[in-house]
Amino acid sequence: MAQIMKFEFSGGNVFYADFLEDLAPETINAVKAALPMEKTISHVKWSGHVISVLSSIVFKKAECSRSFGVVPGDILYNPHITDCPEHPYEIGIVYGCAAMRNVAGFAPHNLFARIRPEYIKDLYDLGIAINRNGQQTVKISLCEE
(Lines give C-alpha, C1' and ligand atoms only; values in the text may rest on other atoms or scores of the structure.)
Protein backbone atom coordinates (compact mmCIF):
# COMPACT_ATOMS: atom_id res chain seq x y z
CA MET A 1 0.00 0.00 0.00
CA ALA A 2 1.20 3.49 -0.84
CA GLN A 3 1.62 6.19 1.79
CA ILE A 4 -0.21 9.45 1.19
CA MET A 5 -0.38 12.77 3.05
CA LYS A 6 -3.42 13.83 5.03
CA PHE A 7 -4.08 17.52 5.78
CA GLU A 8 -6.59 18.32 8.54
CA PHE A 9 -7.38 22.03 8.95
CA SER A 10 -8.86 23.66 12.04
CA GLY A 11 -11.63 25.09 9.83
CA GLY A 12 -12.84 21.55 9.09
CA ASN A 13 -11.30 20.83 5.67
CA VAL A 14 -9.53 17.51 5.11
CA PHE A 15 -7.44 16.89 1.97
CA TYR A 16 -5.32 14.00 0.74
CA ALA A 17 -2.20 14.28 -1.40
CA ASP A 18 -0.06 11.87 -3.35
CA PHE A 19 3.73 11.90 -3.21
CA LEU A 20 5.55 12.41 -6.52
CA GLU A 21 8.12 9.69 -5.78
CA ASP A 22 9.96 9.91 -9.10
CA LEU A 23 10.47 13.68 -8.93
CA ALA A 24 11.80 14.31 -5.42
CA PRO A 25 12.63 11.15 -3.45
CA GLU A 26 15.08 12.81 -1.04
CA THR A 27 12.68 15.67 -0.28
CA ILE A 28 9.90 13.15 0.33
CA ASN A 29 12.10 11.20 2.76
CA ALA A 30 12.87 14.42 4.69
CA VAL A 31 9.18 15.36 4.83
CA LYS A 32 8.06 11.88 5.88
CA ALA A 33 10.64 11.85 8.69
CA ALA A 34 9.13 15.09 10.07
CA LEU A 35 5.53 13.84 10.09
CA PRO A 36 3.20 14.05 11.85
CA MET A 37 3.33 17.78 12.46
CA GLU A 38 0.79 20.30 13.67
CA LYS A 39 1.54 23.88 12.69
CA THR A 40 0.02 27.22 11.86
CA ILE A 41 -0.68 27.71 8.16
CA SER A 42 -0.82 31.20 6.72
CA HIS A 43 -0.86 33.01 3.42
CA VAL A 44 2.47 33.70 1.74
CA LYS A 45 3.63 37.18 0.84
CA TRP A 46 5.33 37.01 -2.54
CA SER A 47 4.13 34.01 -4.56
CA GLY A 48 0.44 34.62 -5.19
CA HIS A 49 -2.19 32.02 -4.30
CA VAL A 50 -0.08 29.94 -1.91
CA ILE A 51 -0.53 28.99 1.73
CA SER A 52 2.45 27.73 3.73
CA VAL A 53 3.61 26.00 6.87
CA LEU A 54 6.93 26.86 8.49
CA SER A 55 8.51 23.51 9.31
CA SER A 56 11.48 22.20 11.27
CA ILE A 57 12.67 20.19 8.25
CA VAL A 58 16.26 20.98 7.33
CA PHE A 59 16.93 19.76 3.80
CA LYS A 60 19.10 22.05 1.68
CA LYS A 61 19.03 20.50 -1.74
CA ALA A 62 17.35 21.65 -4.94
CA GLU A 63 15.51 18.63 -6.24
CA CYS A 64 13.00 18.94 -9.06
CA SER A 65 13.24 22.70 -8.63
CA ARG A 66 10.57 24.89 -10.18
CA SER A 67 10.24 28.61 -9.84
CA PHE A 68 7.20 29.03 -12.02
CA GLY A 69 4.66 26.89 -13.83
CA VAL A 70 3.12 25.61 -10.63
CA VAL A 71 -0.52 24.55 -10.68
CA PRO A 72 -3.23 24.41 -8.01
CA GLY A 73 -2.67 21.45 -5.76
CA ASP A 74 1.13 21.44 -6.05
CA ILE A 75 2.91 20.98 -2.72
CA LEU A 76 6.46 22.32 -2.63
CA TYR A 77 9.30 22.52 -0.15
CA ASN A 78 11.52 25.59 -0.07
CA PRO A 79 15.11 24.54 0.74
CA HIS A 80 16.22 28.21 0.85
CA ILE A 81 19.34 27.52 -1.21
CA THR A 82 19.41 31.01 -2.73
CA ASP A 83 18.03 33.19 0.06
CA CYS A 84 17.22 33.55 3.73
CA PRO A 85 19.48 30.89 5.27
CA GLU A 86 18.07 31.77 8.69
CA HIS A 87 14.45 31.41 7.56
CA PRO A 88 12.49 28.28 8.56
CA TYR A 89 12.03 25.80 5.76
CA GLU A 90 8.53 25.99 4.42
CA ILE A 91 6.01 23.73 2.79
CA GLY A 92 3.84 25.63 0.33
CA ILE A 93 0.49 24.55 -1.07
CA VAL A 94 -0.57 26.22 -4.31
CA TYR A 95 -4.31 26.90 -4.52
CA GLY A 96 -4.55 29.24 -7.53
CA CYS A 97 -2.38 31.42 -9.79
CA ALA A 98 1.14 31.48 -8.40
CA ALA A 99 4.85 31.79 -9.13
CA MET A 100 7.19 30.70 -6.35
CA ARG A 101 9.03 33.84 -5.29
CA ASN A 102 10.67 35.63 -2.41
CA VAL A 103 11.67 39.22 -1.80
CA ALA A 104 14.65 38.81 -4.17
CA GLY A 105 12.73 37.26 -7.10
CA PHE A 106 12.03 33.68 -8.17
CA ALA A 107 12.88 31.05 -5.56
CA PRO A 108 13.61 27.41 -6.35
CA HIS A 109 11.23 25.01 -4.63
CA ASN A 110 11.12 21.22 -4.62
CA LEU A 111 7.84 19.88 -5.99
CA PHE A 112 7.21 16.69 -4.03
CA ALA A 113 3.44 16.05 -3.76
CA ARG A 114 0.09 17.06 -5.17
CA ILE A 115 -3.36 17.45 -3.60
CA ARG A 116 -5.83 15.10 -5.27
CA PRO A 117 -7.97 16.75 -7.98
CA GLU A 118 -11.30 16.26 -6.20
CA TYR A 119 -10.15 18.69 -3.45
CA ILE A 120 -8.95 21.58 -5.66
CA LYS A 121 -12.17 23.63 -5.46
CA ASP A 122 -12.29 23.33 -1.67
CA LEU A 123 -8.55 24.08 -1.51
CA TYR A 124 -9.15 27.31 -3.43
CA ASP A 125 -11.93 28.33 -1.02
CA LEU A 126 -9.66 27.51 1.94
CA GLY A 127 -6.81 29.59 0.52
CA ILE A 128 -9.09 32.59 0.01
CA ALA A 129 -10.46 32.19 3.56
CA ILE A 130 -6.94 32.11 5.04
CA ASN A 131 -5.98 35.16 2.99
CA ARG A 132 -9.04 37.11 4.15
CA ASN A 133 -9.53 35.83 7.69
CA GLY A 134 -6.06 34.81 8.85
CA GLN A 135 -4.23 31.71 9.92
CA GLN A 136 -5.53 28.25 10.69
CA THR A 137 -3.93 25.24 12.26
CA VAL A 138 -3.11 22.24 10.09
CA LYS A 139 -2.19 18.72 11.10
CA ILE A 140 -0.15 16.94 8.43
CA SER A 141 0.23 13.19 8.76
CA LEU A 142 0.92 10.04 6.79
CA CYS A 143 -1.73 7.46 6.11
CA GLU A 144 -2.07 4.34 3.99
CA GLU A 145 -4.16 4.41 0.87
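Starting from 1, each residue takes its place in the sequence as its number.
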>> Would you call the rings of Tyr124 and His49 parallel, tilted or perpendicular, taking 30° and 60° as the class edges?
In response: tilted

Donor-acceptor list for residues 129-139 side chains, cut-off 3.5 Å, not counting sequence neighbours:
{"from": "Asn133", "atom 1": "ND2", "to": "Ala129", "atom 2": "O", "distance (Å)": "3.4"}
{"from": "Gln136", "atom 1": "OE1", "to": "Gly11", "atom 2": "N", "distance (Å)": "2.9"}

> Tell me the salt bridge (Lys or Arg N to Asp or Glu O under 4.0 Å) pairs involving residues 13-36, sequence neighbours left out?
Replying inline: Asp18-Arg116, Glu21-Lys32, Glu26-Lys61

>> For Tyr119, give me all partners under ring pair (Phe, Tyr, Trp, His ring centres under 6.0 Å), at least two apart in sequence or on another chain.
In response: Phe15

>> Do Ile91 and Ser52 have side chains that approach each other closer than 4.5 Å (heavy atoms only, starting at C-beta)?
In response: no

> So, for Asn78 and Tyr89, which heavy atoms are closest and what is the spacing to 0.1 Å?
Replying inline: O-CD2, 3.6 Å

> So, Asn110 side chain and Glu63 main chain: donor-acceptor pair closer than 3.5 Å or not?
Replying inline: yes

> Are any non-hydrogen side-chain atoms of Ile41 and Ile93 less than 4.5 angstrom apart?
Replying inline: yes

> So do Met100 and Val44 actually touch side chain to side chain, heavy atoms under 4.5 Å?
Replying inline: no

>> Just so I know, are the side chains of Tyr77 and Leu111 near enough to count as touching, which here means a heavy-atom distance under 4.5 Å?
In response: no

> Less than 4.5 Å apart, any side-chain heavy atom of Val14 and any of Phe7?
Replying inline: no

> Quick one: CD on Gln3 to CD1 on Ile28, what's the gap to the nearest 0.5 Å?
Replying inline: 10.5 Å

>> If I take atom CG from residue Leu76 and atom CZ from residue Arg114, how far apart are they, to the nearest 0.5 angstrom?
In response: 9.0 Å

